[in-house]
Number of protein chains: 2
Amino acid sequence: MRKNLLIYGLLLAVLMVVLEVTKYRFLVLENRIEIYIGIIAIVFVVMGAYMGRKLTTPKEVIIEKLVAVPTTPSAPFILNETVLDKLGISKREHEVLQLMAEGMSNQEIADKTFVSVNTVKTHVSNVLLKLDAKRRTQAVIKARELSLIP
Amino acid sequence: MRKNLLIYGLLLAVLMVVLEVTKYRFLVLENRIEIYIGIIAIVFVVMGAYMGRKLTTPKEVIIEKLVAVPTTPSAPFILNETVLDKLGISKREHEVLQLMAEGMSNQEIADKTFVSVNTVKTHVSNVLLKLDAKRRTQAVIKARELSLIP
DNA sequence: AAGATACTCATACTTTCGGGTGATTTTGGT
DNA sequence: ACCAAAATCACCCGAAAGTATGAGTATCTT
């Protein structure tokens, strides 16, 4: 962001210099300063538009769209990473998800991953949210359908 | 959208007229055209930023919701009844086990089978015992391994 | 008819899960 | 160097799950 502002400032400066150098020629042109203004206007409108895009965050109206995810049963398991990061599931969350799928309790997962139960709970909660599941059992089913776990 | 463009065009025109009318005074100012450019630049950067927002910001952000769709029909499930009665799992228990495997809660199972939650709990407990599982998630895994459920 | 088995339900108690919130630290990318 | 995301942990609370025990009903077998 800050870098962008710098670039814009620089551009502005360069443009000014160019104009300064060439202004006499322009002025000779029967004082048709409108052309001059027009060029500057266009340049800065474009620049501003780009800045506007970069600097502002859109207010979202969420509309859900269903997308089919093909699954191949009993084939050698291939993690669907596309789905994984489409759902925004992190490495740790995915790891916890796998252990969940193996029937482990939060405590057991905590022991195996060397973190506290609270941390595991947080991960589990996130996974449930991201998989839109009410229970861990549901989460496991959905995860398997989406090829996130074997 | 189109209305906005009109307004901007109009603004641009007005600005040009204003500048045209006042340009001589500006030019008299020791040819300090940089100030002139600066003002135009600022005006159009702001204008462009606003336009950029209005014209390019989508009002709707489509979020894709993933749905699993099996491409290959899974192998037909064959219940292993030998194991089933070797473990002494009754019909009702088996039924509950299946619903458990579908990610249902005890309450949901109770509703679906028209019995009380307490009854379901009893069945679940029995299943856990007979499958030697600590949790329902484990029970489901073991049951699947033993071909008791699909 | 008696006995075994399955099914049903309840009550009481403990453990595990899951939601919500907030805070700190680590890490990866610019 | 800085920002954003990820990871870590804690505490509370309520809901769900699981354990234990007892008990009534139905069904089927011998």
Side-chain angles (χ1 to χ4, degrees), chain A residues 1-8 51 53-58 60 81 84-143 148, chain B residues 81 84-143 148:
Chain A
M1 289 308 169
R2 215 162 286 170
K3 209 193 292 177
N4 282 336
L5 286 176
L6 265 172
I7 292 169
Y8 291 130
M51 271 183 74
R53 280 282 293 158
K54 285 282 169 185
L55 292 173
T56 60
T57 36
E60 310 186 343
E81 292 182 59
L84 203 60
D85 66 65
K86 190 160 280 185
L87 293 174
I89 293 173
S90 71
K91 275 178 210 157
R92 214 45 164 166
E93 285 164 355
H94 182 244
E95 191 182 353
V96 169
L97 178 57
Q98 289 181 61
L99 299 176
M100 256 200 300
E102 289 171 23
M104 286 188 182
S105 70
N106 288 341
Q107 186 59 60
E108 287 169 343
I109 295 173
D111 293 343
K112 179 153 258 176
T113 57
F114 303 105
V115 297
S116 82
V117 194
N118 295 305
T119 304
V120 174
K121 282 180 165 197
T122 306
H123 290 321
V124 171
S125 277
N126 290 333
V127 169
L128 292 183
L129 261 181
K130 291 171 183 177
L131 283 176
D132 189 31
K134 286 177 194 157
R135 283 166 287 284
R136 52 172 55 211
T137 45
Q138 257 185 25
V140 169
I141 294 170
K142 292 202 175 190
L148 301 182
Chain B
E81 293 182 57
L84 202 60
D85 65 64
K86 189 160 283 183
L87 292 174
I89 293 173
S90 70
K91 274 177 213 159
R92 212 51 162 160
E93 286 163 355
H94 182 245
E95 191 183 353
V96 169
L97 178 57
Q98 288 182 65
L99 299 176
M100 259 200 300
E102 288 170 24
M104 286 189 181
S105 68
N106 288 340
Q107 185 60 61
E108 287 170 343
I109 296 173
D111 293 344
K112 178 152 262 177
T113 57
F114 304 106
V115 296
S116 82
V117 195
N118 295 307
T119 305
V120 174
K121 282 181 168 192
T122 305
H123 290 320
V124 171
S125 277
N126 290 334
V127 169
L128 293 183
L129 263 180
K130 291 170 183 176
L131 282 175
D132 189 32
K134 286 176 194 160
R135 282 164 289 284
R136 52 171 55 211
T137 45
Q138 255 184 28
V140 169
I141 294 169
K142 293 203 176 188
L148 302 182

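Reminder, nothing fancy here: chain letters follow the sequence lines and each chain counts from 1.
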* Asked: dG18(D), dA10(C), dC9(D): which one has an atom nearest the side-chain heavy atoms of Arg135(B)?
  -> dG18(D)
* To do: For Thr122(A) and for Lys121(B), locate the closest nucleotide of DNA chain C by heavy-atom distance; then report the residue assigned to the nucleotide nearer the 5' terminus.
  => Lys121(B)
* Whole-Å distance separating the CD atom of Glu108(A) from the C1' atom of dC17(C) -> 14 Å
* Spacing of Asn126(A) atom CG relative to dT8(D) atom P, expressed in whole Å -> 12 Å
* Asked: Whole Å only: how far is the CG atom of Leu129(A) from the C1' atom of dG20(C)?
  -> 11 Å
* Can a salt bridge be assigned to the pair Arg135(A) and Glu108(B) using a cut-off of 4.0 Å between side-chain N and carboxylate O? -> yes
* Any His123(B) side-chain nitrogen or oxygen under 4.0 Å from OP1 or OP2 of dA6(C) -> no
* Can you tell which of Val127(B), Thr137(B), Val120(B) makes a side chain to side chain contact (heavy atoms under 4.5 Å, CB included) with Met100(B)? -> Val127(B)
* Within-4.5 Å side-chain heavy-atom neighbours: Thr122(A) and Arg92(A) -> no
* **Close approaches to DNA chain C from residues 111-118 of chain B, in residue order (heavy atom, under 4.0 Å)** => Val115(B), Ser116(B), Asn118(B)
* Asked: Would you call Leu131(B) and Leu97(B) a side-chain contact if the rule is heavy atoms closer than 4.5 Å?
  -> yes
* What is the minimum heavy-atom distance between Ala139(B) and Ala133(B), and which atoms define it? -> N-CB, 3.5 Å
* **Test side chain to side chain contact (heavy atoms under 4.5 Å, CB included) applied to His123(A) and Ile89(A), Asn118(A), Val96(A), the passing residue** => Val96(A)
* Asked: Under 4.0 Å between a side-chain N or O of Asn106(A) and OP1 or OP2 of dC17(C)?
  -> yes
* Side chain of Ser125(A), base of dC17(C): donor and acceptor closer than 3.5 Å? -> no
* **Out of dT8(C), dG19(C), dA17(D), whichever nucleotide has its closest atom nearest the side chain of Thr119(B)** => dT8(C)
* Structure fact -> Contact check, residues 87-103 of chain B vs DNA chain D, heavy-atom distance under 4.0 Å, returns none
* **side chain to side chain donor-acceptor pair (under 3.5 Å) partner of Gln98(A), the single match among His94(A), Glu102(A), Glu95(A)** => His94(A)
* Just how far, in rounded Å, is C1' of dG19(C) from CZ of Arg136(A)? -> 14 Å
* Nearest whole angstrom, please: distance from the P of dG18(C) to the CD of Gln107(A). => 14 Å
* Would a distance-only check, ignoring hydrogens and angles, find a side-chain to backbone donor-acceptor pair under 3.5 Å from Lys121(A) to Asn106(A)? -> no
* Measure the distance from CD1 on Ile109(A) to C1' on dT8(D) and round it to the nearest whole Å. => 16 Å
* Starting at CD of Gln138(A) and ending at P of dA16(D), how long is that distance when rounded to a whole Å? -> 13 Å
* **Side-chain heavy atoms of Val140(B) within contact of Val140(A), under 4.5 Å** => no
* Asked: When the distance from CG of Leu131(B) to C1' of dG18(D) is rounded to whole Å, what number comes out?
  -> 15 Å
